[in-house]
Amino acid sequence: MSSSIRSIAEVLSGAVEAGSTVTVRGWVRTRRDSKAGLSFVHLHDGSCFATIQAVVPNSLSNYPTEVLKLGAGCSVIVTGEVIATPGREQPCELRAAEVTVVGWVDDPETYPMAKKAHTLEYLREVAHLRPRTNTLGAVTRVRHCLAQAVHRYFHERGFFWVHTPIITAADAEGAGEMFRVSTLDTSNLPRTREGGVDHSKDFFGKPAFLTVSGQLNVETYAMAMSKVYTFGPTFRAENSNTSRHLAEFWMIEPEVAFNTLRENAALAEDFLKYLFKAVLTERHDDMAFFADRVDPDCVGRLERLVASNFEQMTYSDAIAALERSGEKFEFAVKWGIDLQSEHERWLTEKHVGRPVVVMNYPKDIKAFYMRLNDDDRTVAAMDVLAPGIGEIIGGSQREERLDVLDRRIAEMGLVKEHYWWYRDLRRYGTVPHAGFGLGFERTILYATGIQNIRDVIPFPRTPGHAEF
RNA sequence: UCCGACUUAGCUCAGUCGGUAGAGCAGGCGGCUGUUAACCGCCGGGUCGCUGGUUCGAGUCCAGCAGUCGGAGCCA
């Protein structure tokens with residue numbers, strides 16, 4: 001018998017002719033027996049949302065001894081003929097001629113992935129087995145689809161992917177707690193004469209940390225390659241325990257020479273639309289599942305986003321709208337405050353009803369590297385706020401004028417010598433430039449309608465949690 | 001870190017006025033059926049998060065601790 005190994009996606013897509021013999025390999029999701037002398041075994045292999053139905057006749061020699069004992073989680077190899085089944089719930093099925101059991105489930109009663117609905121909270125406790133579920137399988141395919149779309153989008157537009165460092169020796173942005181990277185023996189630290197830790201004895205000869213952003217590094221490449229981006233892991237040691245934060249997450253940071261804030265906002269909008277279009281066209285099956293079981297509006301929300309223009313408003317206009325709203329906010333609204341979650345939610349969920357780009361924030365609440373506007377009190381910053389998620393993108397036009405940059409560094413109490421190479425970019429052929437950071441997991445949340453960020457990354461790291 | 005809620009079978013939950021525990025799903029066995037979230041019947045399965053207190057008696061009331069979830073802050 002000649003047969004070729006195929007993924008379930010290939011077989012179900014019609015790429016395999018009815019009547020041909022194929023071999024599929026995967027894991028059992030359910031088994032149902034019929035007195036007509038056959039069993040229906042549904043298999044998944046991750047290649048698509050759907051399972052394939054193997055119809056196993058009781059004439060197989062291992063039918064009573066093995067096939068009738070198959071349950072959820074068992075791994076099998078099935079060879080058989082592809083049979084078209086028009087009118088049934090699946091386009092085709094596999095008439096099994098041979099079933100080989102590769103791995104049994106030790107104890108079906110305590111197998112954590114029972115043939116039933118599990119809560120996402122429970123599945124986090126069994127993160128090594130949860131990719132076998134419908135939900136995490138769908139998340140995994142959508143995550144992959146989005147990651148591929150990120151690279152495709154930039155590649156097609158002449159951007160270069162720059163691998164900025166994971167380990168950094170400077171608290172560059174002065175933003176957020178950082179994870180320390182050290183090879184020192186913590187139970188026997190080398191000391192300086194003054195009694196402090198002698199960092200010169202450490203691996204890098206000075207304190208080192210995990211990156212909180214690749215932006216400052218990628219700016220150096222924007223000043224040579226024009227259009228660049230980073231896409232990699234990012235680390236924040238903040239003790240934040242929310243459905244939108246991780247200690248280790250992935251971020252996409254494009255940086256474009258000669259771009260203004262307005263062009264930056266246009267890029268962010270075009271980019272997000274491209275990503276969601278990719279999900280809509282490439283992952284119908286998974287999105288249909290999310291619409292059915294997770295969030296009825298998730299497909300409609302993406303379709304509307306792709307078809308409409310983002311609302312743009314200045315920070316000052318946003319404050320004015322909030323003041324006119326008549327809402328009772330916990331935090332009072334007035335020009336100069338940083339927008340609170342409740343304010344962002346009202347803007348994007350109630351006032352606009354779709355993503356909104358807020359631009360030109362007060363300089364005192366934003367980072368030193370953001371370009372000072374002519375009014376001398378705002379900077380060319382932008383946040384893209386999404387309904388249900390909050391801030392999905394944060395970005396700005398960067399300060400390209402050395403004298404202004406130095407003034408901002410001083411105002412914020414930073415030490416300009418620490419930024420010597422960043423300042424060099426302004427000394428040697430400086431140009432206006434702009435970029436932003438997109439939270440990858442938050443993008444997945446928006447696409448799928450899933451509520452908790454821990455459910456859209458394979459192995460979530462949060463305060464107190466680094467299992468698996 | 002702060003505020004709030006929750007913690008009972010493998011999972012999701014109910015448990016009245018304080019009187020030593022129940023359902024659905026999952027699992028096992030049987031029945032039925034080209035089934036497809038199958039259906040029907042039977043069975044096994046519990047240190048009621050931990051520690052202490054009140055009480056003749058605590059899953060239930062009180063205190064502390066732990067864990068989980070939600071919200072806030074920080075941000076992506």
Side-chain angles (χ1 to χ4, degrees), chain A residues 29-43 50-57 68-69 71-73 83 85 87-90 93 95 105-126 133-134 173 175-177 212-215 230 233-253 268 289 292-293 329-331 338-345 365-367 383-386 389-395 436-446 451-454 456-457 462-465:
Chain A
R29 186 152 276 146
T30 63
R31 189 199 88 231
R32 290 177 300 279
D33 307 318
S34 168
K35 272 297 176 287
L38 38 87
S39 290
F40 302 97
V41 180
H42 280 222
L43 304 180
T51 53
I52 192 167
Q53 173 164 281
V55 183
V56 187
L68 285 181
K69 293 188 172 67
I83 308 287
T85 52
R88 293 269 164 79
E89 293 187 21
Q90 62 283 336
E93 62 189 19
R95 185 71 48 86
V105 167
D106 271 0
D107 179 5
E109 188 168 2
T110 58
Y111 176 52
M113 300 290 98
K115 189 182 71 178
K116 72 181 288 292
H118 289 293
T119 61
L120 291 168
E121 291 82 7
Y122 170 71
L123 291 175
R124 280 173 219 149
E125 298 169 16
V126 285
T133 62
N134 281 330
E173 277 192 67
E177 295 292 312
V212 295
S213 165
Q215 181 205 316
T230 72
T234 308
F235 307 87
R236 304 272 168 94
E238 296 290 346
N239 187 17
S240 55
N241 207 313
T242 81
S243 57
R244 300 176 301 284
H245 291 86
L246 291 165
E248 176 183 279
F249 63 99
W250 287 61
M251 186 157 64
I252 298 138
E253 298 173 286
F289 168 77
D292 187 39
R293 296 296 176 87
F329 294 113
E330 189 186 339
F331 294 88
D338 206 353
L339 296 180
Q340 304 292 314
S341 281
E342 55 176 344
H343 306 142
E344 296 182 344
R345 293 188 95 97
I365 59 173
K366 289 293 181 183
D383 285 350
V384 179
L385 311 177
I389 312 254
E391 189 177 335
I392 193 169
I393 282 178
F436 60 82
L438 170 69
F440 188 52
E441 284 76 19
R442 289 184 183 180
T443 308
I444 303 170
L445 288 181
Y446 191 78
Q451 305 270 314
N452 196 307
I453 201 163
R454 294 162 199 172
V456 297
I457 190 167
T462 54
H465 294 279

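The chains referred to below are lettered A, B, ... by the order of the sequence lines, with proteins before strands, and numbering in each begins at 1. Side chains included, hydrogens not; waters and symmetry mates left out as well; all remaining heavy atoms used. These numbers were taken from a predicted model, which means no experiment stands behind them.
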> Counting only side-chain N and O atoms of Arg442(A), is one of them less than 4.0 Å from OP1 or OP2 of C75(B)?
Replying inline: no
> Looking at Arg32(A), does any N or O in its side chain come under 4.0 Å of the phosphate oxygens OP1/OP2 on A38(B)?
Replying inline: yes
> Phosphate oxygens OP1/OP2 of G73(B): is one of them under 4.0 Å from a side-chain N or O of Asn239(A)?
Replying inline: no
>> Using heavy-atom distances to pick each residue's nearest nucleotide on RNA chain B, tell me which of Ser243(A) and Asp338(A) is more 5'.
In response: Ser243(A)
>> Rounded at 0.5 Å granularity, tell me how far CG in Leu445(A) sits from CD1 in Ile392(A).
In response: 8.0 Å
> Using the P atom in both, what is the distance from U51(B) to G59(B), to the nearest Å?
Replying inline: 13 Å
> Does a side-chain N or O from Ser341(A) land closer than 4.0 Å to OP1 or OP2 of G71(B), or not?
Replying inline: no
> Heavy atoms, side chains only, cut-off 4.5 Å: are Thr133(A) and His118(A) in contact?
Replying inline: no
>> Nearest to the Lys116(A) side chain among C75(B), A38(B), C25(B), which nucleotide is it?
In response: C25(B)
> What interatomic distance, in whole Å, is found between P of U33(B) and the corresponding atom of C40(B)?
Replying inline: 16 Å
> If we take the C1' atom in both G46(B) and U8(B), what is their distance in whole Å?
Replying inline: 8 Å
> What interatomic distance, in whole Å, is found between C1' of C6(B) and the corresponding atom of U20(B)?
Replying inline: 24 Å
> Rounded to whole angstrom units, what separation is found between the NZ atom of Lys115(A) and the C1' atom of A38(B)?
Replying inline: 9 Å
> What nucleic acid atoms does Arg29(A) come within less than 4.0 Å of, heavy atoms only: base, sugar-phosphate, or nothing?
Replying inline: nothing
> Roughly, in whole Å, what's the span from CG in Asn241(A) to P in C69(B)?
Replying inline: 7 Å
> Under 3.5 Å, is there a donor-acceptor pair between the side chain of Gln215(A) and the main chain of Phe436(A)?
Replying inline: no
> Under 3.5 Å, side chain of Glu177(A) to main-chain N/O of Glu238(A), donor-acceptor pair present?
Replying inline: no
> Under 4.0 Å between a side-chain N or O of Thr242(A) and OP1 or OP2 of G71(B)?
Replying inline: no
>> Looking at Arg124(A), I'd like to know whether one of its side-chain N or O atoms comes within less than 4.0 Å of OP1 or OP2 on C69(B).
In response: yes
>> Please give the distance between the C1' atoms of A37(B) and C25(B) as a whole number of Å.
In response: 11 Å
> Rounding to a whole Å, what distance do you find between Ile389(A):CD1 and C75(B):P?
Replying inline: 18 Å
> What integer distance in Å separates His343(A):NE2 from C74(B):C1'?
Replying inline: 16 Å
> Which letter, B, S or -, goes with each nucleotide of nucleotides 28-34 of chain B from 5' to 3', with contact meaning a protein heavy atom under 4.0 Å?
Replying inline: ----SBB
> For the pair made of CD1 in Ile457(A) and C1' in A76(B), what is the distance, rounded to whole Å?
Replying inline: 12 Å
> Can you tell me if Arg236(A) uses its side chain to pair, donor with acceptor, with the backbone of Val212(A) under 3.5 Å?
Replying inline: yes
> Can you name the closest pair of heavy atoms from Gly214(A) and Thr230(A) and give their distance?
Replying inline: O-CG2, 4.4 Å
> Closer to the 5' end of RNA chain B via nearest nucleotide, is it His42(A) or Gly437(A)?
Replying inline: His42(A)
> Can you check whether Arg31(A) reaches Val56(A) side chain to side chain, under 4.5 Å on heavy atoms?
Replying inline: no
> What's the CG-C1' distance between Leu123(A) and C69(B), to the nearest Å?
Replying inline: 15 Å
> Going by heavy atoms in the side chains, are Leu385(A) and Arg345(A) under 4.5 Å from each other?
Replying inline: no
> If only atom types and distance count, is the side chain of Thr462(A) paired as donor or acceptor with the main-chain N or O of His465(A) below 3.5 Å?
Replying inline: no
> Between G4(B) and C65(B), how far is it from one P atom to the other, in whole Å?
Replying inline: 13 Å
>> Working to the nearest 0.5 angstrom, can you tell me the gap between Leu38(A) CG and Arg32(A) CZ?
In response: 11.5 Å
>> Check whether Glu342(A) reaches the backbone of Phe331(A) with its side chain - one donor and one acceptor, N or O, closer than 3.5 Å.
In response: yes
>> Counting only heavy atoms and a strict 4.0 angstrom limit, can you tell me which residues of residues 244-252 of chain A come near RNA chain B?
In response: Arg244(A), His245(A), Leu246(A), Phe249(A), Met251(A)
> For U68(B), does OP1 or OP2 lie under 4.0 Å from any side-chain N or O of His465(A)?
Replying inline: yes
> For Glu89(A), which contact category applies under a 4.0 Å heavy-atom criterion: base, sugar-phosphate, or nothing?
Replying inline: base
> The side chain of Thr30(A) lies closest to which of these nucleotides: C69(B), A76(B), A38(B)?
Replying inline: A38(B)
>> What is the distance, to the nearest angstrom, from the OH atom on Tyr122(A) to the P atom on A9(B)?
In response: 12 Å
>> Please report the distance, rounded to the nearest Å, between CZ in Phe329(A) and P in G71(B).
In response: 18 Å
>> Measuring only the C1' atom in each nucleotide, how far is G67(B) from C48(B)? A whole number of Å is fine.
In response: 16 Å
> Looking just at side-chain N and O atoms, do Thr242(A) and His245(A) make a donor-acceptor pair shorter than 3.5 Å?
Replying inline: yes
> Is it true that a side-chain atom of Arg244(A) and a backbone atom of Arg442(A) form a donor plus acceptor pair closer than 3.5 Å?
Replying inline: no
> Reading RNA chain B 5' to 3', how would its secondary structure be written in dot-bracket notation, given Watson-Crick and G-U pairs with both distances under 3.5 Å, brackets [ ] for crossing pairs and | for partners on other strands?
Replying inline: (((((((..((((.....[..)))).(((((.......))))).....(((((..]....))))))))))))....
>> As a test of reading the structure: which of U1(B), A26(B), C74(B) is closest to the side chain of Ser240(A), going by heavy atoms?
In response: C74(B)
>> If you compare every side-chain N and O of Gln340(A) against the phosphate oxygens of A72(B) (OP1, OP2), does one of them come in below 4.0 Å?
In response: no
>> Please check: side-chain N/O of Glu441(A) versus main-chain N/O of Ile453(A), any donor-acceptor pairing under 3.5 Å?
In response: no
>> So Thr443(A), base contact, sugar-phosphate only, or nothing? Heavy-atom distance under 4.0 Å.
In response: nothing
> If you measure from the P atom in U60(B) to the same atom in C50(B), how many Å do you get, rounded?
Replying inline: 11 Å
>> I'd like to check Asn452(A) versus Arg124(A) (side-chain heavy atoms, cut-off strictly below 4.5 Å). Are they in contact?
In response: yes
